[in-house]
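Worksheet for the structure shown next.
Counting starts at 1 for both ligands and their atoms, in listed order. Sequential numbering from 1 along the given sequence is applied to the chain's residues.
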Amino acid sequence: MTVSVAIDLALDKLFTYEIPSDLEKKLTVGQLLCVPFGHREARGFAMAISDQVNEQSSYKLKCVSSIVDEIPFFSPVLLDLIKRVAIYTASPIETVLKTALPSAVIKKNAHAKELLFVEPNESGDITQLTKRQLWIYEQVVRLKGGWLNQLSQELKTTNSTIKALAEKGVLSVAPKAKRRDPLLSRRILPTKPLELNDGQSKALDAVLCSTKPLLLHGVTGSGKTEVYLQAIASELKRGRGAIVMVPEISLTPQTVQRFASRFGSKVAVLHSALSDGERYDEWHRIRSGEAQVVIGPRSAVWAPVKNLGLIVVDEEHDSSYKQDTSPRYNARDVAVLRAQLEGAKVVLGSATPSLESWNNSLSGKYAIVSMKDRAGAGTLPLIRLVDMSCSQKGIYSKDLLDAIKLRLERSEQTILFLNRRGYSPSVVCDGCNSAIECPDCAVAYTYHEADKCLRCHICGRWIMMPEKCSLCGDRSFTYKGIGTQRAEAALKTCFPHARVLRMDADSTSRKNSHDDILGSFRMREADVLIGTQMIAKGLDFPNVTLVGVLNADRSLQMPDFRAAERTFQLLQQVAGRAGRSELPGEVFIQTYDISCEVIRMASRGDFEAFAAEELACRRELWYPPYCHLALINLRSKDSSLVARWSLMYSQSLQKVKGIKVGEAVPAAIERADGWHRWQIIVRAANASSIVKAWKWLLKERPCPPALISSIDIDALNMM
Ligand code: ADP
Ligand code: ZN
């Protein structure tokens with residue numbers, strides 16, 4: 001008998017080995033094996049077993065050396081899913097295998113016992129430390145200790161530097177075994193199922209009875225989560241497990257707690273802040289069947305849940321379900337496929353479904369159920385548009401300021417949304433009128449007030465704010481545009497006594513800071529929360545009665561055929577944060593284009609009208625969901641090389657029948673991190689015909705070493 005093995009080198013090729021007779025009974029697909037590879041041993045997964053002997057083969061096959069772990073890492077269904085995703089996304093099978101399995105799981109030393117915890121030792125003598133060592137010691141005190149690997153990463157130092165401090169007696173570094181996810185280890189009060197309203201009962205029935213994937217279209221606050229909870233409870237009763245996928249950003253203690261309160265220790269949480277050891281533990285709890293309900297972001301779709309009964313994809317339209325590195329899969333679509341292969345149910349929930357899913361419901365491919373009213377005490381907020389074109393160049397309109405003032409007087413809370421972090425998105429020299437740009441990327445630097453730095457939001461490079469312009473020497477600059485830091489500063493000028501919190505990528509870079517800010521806002525330690533899209537999703541604060549959108553037009557100006565769809569979704573999600581309990585909510589949307597139809601429909605919350613209009617456009621221009629769209633990305637440090645090859649590739653592809661190929665063009669961000677970027681848009685009725693054409697072309701005309709290419713099937717990011 002022989003076995004084909006995927007070896008962890010991204011060769012996009014399986015290797016065949018003979019199974020020695022002593023392993024024949026034990027070896028099954030999905031196991032991790034040790035095999036001879038060249039002059040060394042390699043590890044790889046058993047993909048398929050065959051009992052055909054190839055008599056004609058002129059050379060003798062090598063034998064499998066050993067089985068690393070007899071319990072398979074992948075079930076046959078998961079392996080099948082992985083193969084299909086590899087083919088669909090045109091990715092090597094090894095990269096999909098790697099994505100499907102947390103790397104910590106196959107690392108030998110990730111197990112509990114081997115994790116080291118660092119704590120300050122208060123009786124240590126700190127006078128003997130160097131300046132740098134003292135700084136590290138102080139950070140450990142400030143953070144109240146932490147796991148060795150995480151600390152050294154966070155403090156940009158090495159494990160040995162921290163261990164050296166332990167030798168000096170100021171820190172203690174010791175193994176610490178028993179871990180539970182920090183989100184779950186807090187006190188959890190069990191909850192009972194709520195009595196469902198009519199809409200929810202209908203939705204629950206649909207989830208449990210539908211034989212097709214189900215789109216649950218429910219306005220924000222309509223009680224979708226309660227429907228998920230009861231559907232999962234019903235599956236558990238029948239001995240089946242469930243996966244709940246949420247965007248990483250909504251994976252707050254609040255969301256997790258709602259599941260943990262209902263299902264207790266049956267819940268496993270997978271999120272990006274887990275350490276290797278925590279991830280290892282959670283994965284093994286799932287594989288052993290101890291945890292039957294898994295909640296997590298995109299990667300949760302691969303969780304080895306036994307006897308899978310239901311997959312929930314909450315906020316199914318969210319672009320974080322799409323991975324933007326290889327394999328470029330969309331976890332929502334993988335969820336639908338996995339459910340089909342496992343005979344499980346799948347429900348896609350959203351207040352603003354993606355037009356792909358919406359169209360699937362119109363065509364009958366998906367079933368659909370709608371919940372149009374808020375559950376519980378809340379009512380949908382009143383939404384007003386504020387015309388900014390006639391007002392002064394201020395950040396806040398008078399209407400919005402009056403509304404904030406009223407909330408401050410009534411001790412109610414306000415959320416302000418602005419899709420741009422930093423202080424101002426560009427700094428322009430008054431002398432020569434040129435913006436200061438990152439030398440490696442074709443974008444302007446963003447000014448950050450806290451440390452008086454200019455930062456590139458593409459590559460992360462930063463410089464101190466210069467005193468004079470490097471081009472003309474002028475010493476005065478204008479700060480153009482508004483970021484969250486500037487909005488915060490301006491608000492504090494208007495209301496010196498207001499307590500303001502800011503939440504964006506800059507204020508949440510530390511582990512847990514995200515939860516700290518939200519926790520503090522929930523405890524009413526602040527009056528106003530200003531933030532980027534981080535605050536748009538999933539948050540439920542009963543005392544918030546006002547939401548302000550500072551610049552609704554910005555996301556409409558993106559060079560992306562989904563700009564209108566994104567804007568509509570964003571406005572609906574943000575507006576949905578207001579008026580979630582007894583107190584009625586009010587939303588102000590500030591815009592420079594009051595006649596814009598997308599913003600008007602969003603203000604009426606009229607998803608159906610928006611979808612109908614947008615779909616008509618897409619159909620006419622033959623864009624998704626009416627076709628599949630792939631983006632071929634090409635980059636090189638050599639600008640003329642990438643231009644020449646991109647044009648050659650697009651011209652060659654244009655000759656292929658059955659696909660529609662655009663001219664190669666420089667990407668919207670033409671240069672990033674020193675790379676010159678070009679792209680080709682390819683559309684077709686079937687994604688597979690695009691993959692086939694591209695693979696053929698790469699074989700005919702392989703990329704030269706200085707050119708890097710990738711293909712993104714069903715691309716969501718057009719930049
Ligand atoms: P969604 O997930 O659709 O945004 P949630 O599940 O967060 O909505 O529900 C919104 C609010 O309504 C929550 O505070 C929830 O506790 C409450 N709620 C949901 N269903 C019911 C119900 N059947 N009866 C009373 N309150 C409910
Ligand atoms: Zn840059």
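Contacts between L196 and ligand 1, counted as non-hydrogen atom pairs separated by less than 4.0 Å, involve the backbone only. By the criterion of a heavy-atom distance under 4.0 Å, the backbone of E195, and not its side chain, is placed next to ligand 1. Residue contacts with ligand 1, taken as heavy atom pairs separated by less than 4.0 Å, involve R258 solely via side-chain atoms from C-beta onward.
The Zn ion (ligand 2) has an N, O or S atom of C441 inside 2.8 Å of it.
Among all non-hydrogen protein atoms, the one lying nearest atom 21 (C) of ligand 1 is L194 CD1, 3.5 Å. Of the protein's non-hydrogen atoms, the one nearest atom 2 (O) of ligand 1 is T225 OG1, 2.9 Å. For atom 13 (C) of ligand 1, the closest non-hydrogen atom of the protein is D540 OD2, 3.9 Å. Closest to atom 4 (O) of ligand 1 among all protein heavy atoms lies G221 N, 2.8 Å. Given atom 8 (O) of ligand 1, the protein heavy atom at minimum distance is G223 N, 3.0 Å. Counting protein heavy atoms only, atom 26 (N) of ligand 1 is closest to G376 CA, 3.4 Å. Nearest protein heavy-atom neighbour of atom 12 (O) of ligand 1: A375 O, 3.8 Å. Nearest to atom 20 (N) of ligand 1 among the protein's heavy atoms is Q200 NE2, 2.9 Å.
Taking the six-membered ring where the residue is Trp, the centroids of F607 and W358 are separated by under 6.0 Å. In this structure, the ring of W462 has its center no less than 6.0 angstrom from the ring center of H448.
Checking each of D333, D712, N330 against K322 for a side-chain hydrogen bond (donor to acceptor under 3.5 Å, both in side chains) leaves exactly one that passes, namely D712.
Interatomic distance, S357 OG to E316 CD, rounded to the nearest 0.5 Å: 3.5 Å. The structure places CG of D606 at 13.0 Å from CZ of R600, a figure rounded to the nearest 0.5 Å.
Under a cut-off of 6.0 angstrom, the local environment of NZ in K480 is sparse, with at most 12 non-hydrogen atoms contributed by other residues, nucleotides or ligands.
Proximity of G218 to ligand 1 is not established, as no heavy-atom distance is less than 4.0 Å.
A salt bridge is absent between E670 and R635: the closest approach of a Lys/Arg side-chain nitrogen to an acidic carboxylate oxygen does not fall below 4.0 angstrom. Here E356 pairs with R562 in a salt bridge; the nearest charged N to carboxylate O distance falls below 4.0 Å. One finds no salt bridge joining E412 and R524 here, because no Lys/Arg side-chain nitrogen approaches an Asp/Glu carboxylate oxygen to under 4.0 Å.
Annotation: angle subtended at the Zn ion (ligand 2) by C438 SG and C456 SG is 110°, to 10°.
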